Amino acid sequence: MKHAADRKMAASRPIGVAQGLGAKDLDQATVFSRIAILTGEEDALGTRNGRWCFISALRLLSRVVGNLQVVLPANLAEFRSEVGELAPRLWSQGRVDLVEMDKACWGEATAILNVGHQVRAGCPWTSILSNGWVARCTSGTTPISADSDQANPIAAMLAASLGVTEVFKRVYGVPVERAALLDCCEFSLFEFSQTHRGLGPILPAQVQIPNTLLLGAGAIGNAIALLISQLQLTGNLTVVDRQVFGDENFGTCILLDKESAIGRPKAVEIAAWLEQTNSHIDAKGIESDIESLLSGDTLQEKLIDVVINGLDDVAARHAVQKLWPNILVDGAINSIGSSVVTHSMDHREYSCLRCTFELPNKDHLKEQSEATGLSRASLEGDQNRPISDADIDAADAASQPWLREQQRLGRTICSTMQTAQIEGLGLKLKKGFLPSVPFIASAAAALVMAQMLRNLLWPDEEFVHQFQFPNMFDGVENGHRFARFASKNCECMRHSSFIDKVLAKRASQLSDQPLHSQ
């Protein structure tokens, strides 16, 4: 992953996001030479929230800036050791250096992200912190609250996402008229509101989750896994994803740091990481698409009670909904926004994923074929396999020399499409390959995990069916909730008696047979 072509692939996504926001003259060498500093206040980093904010921000920043200096107060020996072990292992667009306070390039920094409450007029300063379910961020003259005693990693991740968004605006030169810097914004992930009544309820010391399926181990799934490890959830978790990690995932998947993971199944890698970092979780990874899995005997679908979906794919959403879990939480992103949809069996009047999302009419294969020259037959199969001689022979004649070069470089079908985007071949990619940044996915993960725990632990609270941050670069101000009622023509309404039987049968079996029994 050290050579220029692969690094260019991972860099193309944040560059594309910045271009979409009106940034000009985005020469990669210039952008990644700019200095960003991550630092923190001693009092803030003495709290669990402050440390979670810092670690999440560190993992996010390494993937969008090329010259990151990490500066910690002197009197935090244990945390300095943790950061010192993590930082050199992180994949980075350039370099991550631990720097002493008096050696940091404060005056040369394009952006400074501080975990704490202070503001600094006259320098490119942003402060983030969280308390309870409330995430806070400021880049202006108004300080945020210094209180941070109620531990909750979900709000800490949202705070980190907001802070890294502010750094991105500065480092990539996003015009202020397109995305102004934030001044003392707050958001409650319990009330899904800026104007919250309080910090929200205290999380239990330990949360036993029902048998749970995490569908998708990409950008959103990585951030969800990090939250699962920080929350120290206990129980059975099955991770499902049909893809393997590719070079392009380094820039968006915040747990992907090792070159040895490239070509490995995403689900298997994430499940293994979870078991290493959270001794309470029993995680199993399966390399498969959900449709194939449900048609076989591998997944004991009748025993799954909670589904977390991080795949932005309508067909997968439709398939997994037919498990009819008690709680299904779906996270989605585009290049600038995050959203969450929740279906609960306690609120069946609201739409399920099958009537919320309509199958697209677009012929993506046609678009991909026209752009790359590959035949539909080549594109319909496993897009994670290397390009073969047969693929090239069946391709458009004019594209064959270029495809032969991609084959020589060891490209897969999937990475060839990404390379086509970088080289300006006009490829209109599927949603999963649009320009993207990791802090949009981590914001979606925070929304998803907030909804999962709200519905699991506090089911009597006001039900939030859908919530969206349409543009994270505008902060939380335009975030809004909305609801859609179930379609009378959908299976969730027409087959309600069948669903009742599924729920009753699963409830009777769960006490007798764990999800991962052999």
Side-chain angles (χ1 to χ4, degrees), residues 11 14 28-47 49-130 136-144 146 148 156 159-174 181-183 254 257 437-439:
Q28 287 186 22
T30 301
V31 170
F32 294 136
S33 69
R34 291 169 180 158
I35 298 171
I37 295 176
L38 174 62
T39 189
E41 300 163 25
E42 185 174 334
D43 287 347
L45 295 179
T47 69
N49 287 329
R51 294 192 293 272
W52 284 324
C53 283
F54 196 95
I55 293 298
S56 293
L58 176 58
R59 287 185 173 276
L60 293 167
L61 283 170
S62 74
R63 294 164 203 279
V64 294
V65 303
N67 193 346
L68 178 61
Q69 295 186 354
V70 181
V71 185
L72 286 166
N75 298 326
L76 295 168
E78 184 177 346
F79 188 58
R80 285 173 67 90
S81 177
E82 179 184 348
V83 173
E85 288 183 13
L86 175 63
R89 300 201 310 264
L90 294 175
W91 182 88
S92 171
Q93 293 285 3
R95 54 188 297 174
V96 179
D97 296 317
L98 272 67
V99 181
E100 295 301 323
M101 193 75 67
D102 59 347
K103 299 293 176 65
C105 300
W106 300 101
E108 301 170 37
T110 303
I112 301 169
L113 180 57
N114 172 60
V115 177
H117 76 285
Q118 300 173 4
V119 295
R120 291 284 188 274
C123 66
W125 186 276
T126 296
S127 282
I128 58 171
L129 202 54
S130 66
R136 298 176 172 130
C137 178
T138 188
S139 294
T141 59
T142 310
I144 55 178
S148 190
S161 304
L162 290 168
V164 177
T165 305
E166 298 290 275
V167 171
F168 184 92
K169 294 176 189 177
R170 288 176 161 133
V171 170
Y172 287 75
V174 177
L181 294 168
L182 307 179
D183 186 28
I254 62 175
D257 297 314
V437 281
F439 49 85

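Side-chain atoms are counted along with the backbone in the values below, which use heavy atoms only and exclude waters and symmetry mates. Just so it is clear, the structure is predicted and the values come from calculations on it, not from any experiment.
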In Å, rounded to the nearest 0.5 Å, how long is the span from [atom1] of [X] to [atom2] of [Y]?
X: Leu182; Y: Cys137; atom1: CG; atom2: SG; result: 5.0 Å
X: Arg80; Y: Leu72; atom1: CZ; atom2: CG; result: 6.0 Å
X: Thr39; Y: Trp125; atom1: OG1; atom2: CH2; result: 6.0 Å
X: Lys103; Y: Leu98; atom1: NZ; atom2: CG; result: 14.0 Å

Practice problem: Scan for salt bridge (Lys or Arg N to Asp or Glu O under 4.0 Å) pairs involving residues 38-47, sequence neighbours excluded, and state none if there are none. | Solution: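 The answer is none; no pair qualifies.
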Quiz prompt | All pairs passing salt bridge (Lys or Arg N to Asp or Glu O under 4.0 Å) where residues 56-79 contributes a residue, at least two apart | solution =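 Applying salt bridge (Lys or Arg N to Asp or Glu O under 4.0 Å) to every pair that reaches into residues 56-79, excluding sequence neighbours, yields Arg59-Asp257, Arg63-Asp257.
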Is the side chain of [X] donor-acceptor paired with the backbone N or O of [Y] at a distance under 3.5 Å, no angle test?
X: Arg51; Y: Leu45; result: yes
X: Thr165; Y: Ser161; result: yes
X: Thr138; Y: Asp183; result: no

Quiz prompt | Which residues share a side chain to side chain donor-acceptor pair (under 3.5 Å) with Gln118, sequence neighbours left out | solution =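 Testing Gln118 for side chain to side chain donor-acceptor pair (under 3.5 Å), a comparison that skips the adjacent residues, returns Arg120.
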Taking all non-hydrogen atoms of both residues into account, name the closest pair between [X] and [Y] and its distance.
X: Leu129; Y: Ala146; answer: CD2-O, 3.7 Å
X: Gly116; Y: Ile144; answer: O-CD1, 3.4 Å
X: Ser130; Y: Ser148; answer: O-OG, 2.7 Å
X: Asn114; Y: Gly40; answer: OD1-CA, 3.3 Å

Quiz item: Does Ser56 have any side chain to side chain contact (heavy atoms under 4.5 Å, CB included) partners at least two apart in sequence or in another chain, and if so, which?
Solution: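 Listed in chain order: Met157, Ala160, Leu226, Gln230.
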Quiz item: With sequence neighbours left out, what residues match Ala104 under side chain to side chain contact (heavy atoms under 4.5 Å, CB included)?
Solution: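 Listed in chain order: Ile37, Gln69, Val71, Val99, Trp106.
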Quiz item: Can you check side chain to side chain contact (heavy atoms under 4.5 Å, CB included) on Val119 and Thr142, steps first, answer last?
Solution: CA-CA 7 Å; Val119 295; Thr142 310; 5.9 Å; no
Quiz prompt | Leu113 and Glu166: CA distance, side-chain angles, deciding distance, side chain to side chain contact (heavy atoms under 4.5 Å, CB included) verdict | solution = CA-CA 8 Å; Leu113 180 57; Glu166 298 290 275; over 6 Å; no
Self-check item: From CA spacing to verdict: side chain to side chain contact (heavy atoms under 4.5 Å, CB included), Val70, Leu68
Solution: CA-CA 6 Å; Val70 181; Leu68 178 61; 4.3 Å; yes
Exercise. Taking ring pair (Phe, Tyr, Trp, His ring centres under 6.0 Å) as the test, write out the residues that go with Phe79, two or more places apart.
Key: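 Result, ring pair (Phe, Tyr, Trp, His ring centres under 6.0 Å) vs Phe79: Phe54.
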Exercise. Given side chain to side chain contact (heavy atoms under 4.5 Å, CB included), test Thr126 with Arg170 step by step and report yes or no.
Key: CA-CA 11 Å; Thr126 296; Arg170 288 176 161 133; 2.9 Å; yes
Do [X] and [Y] have side-chain heavy atoms sitting under 4.5 Å apart?
X: Ser33; Y: Asn67; result: no
X: Val171; Y: Val64; result: no
X: Ser127; Y: Pro143; result: no
X: Val96; Y: Leu58; result: yes
X: Lys169; Y: Ser139; result: no

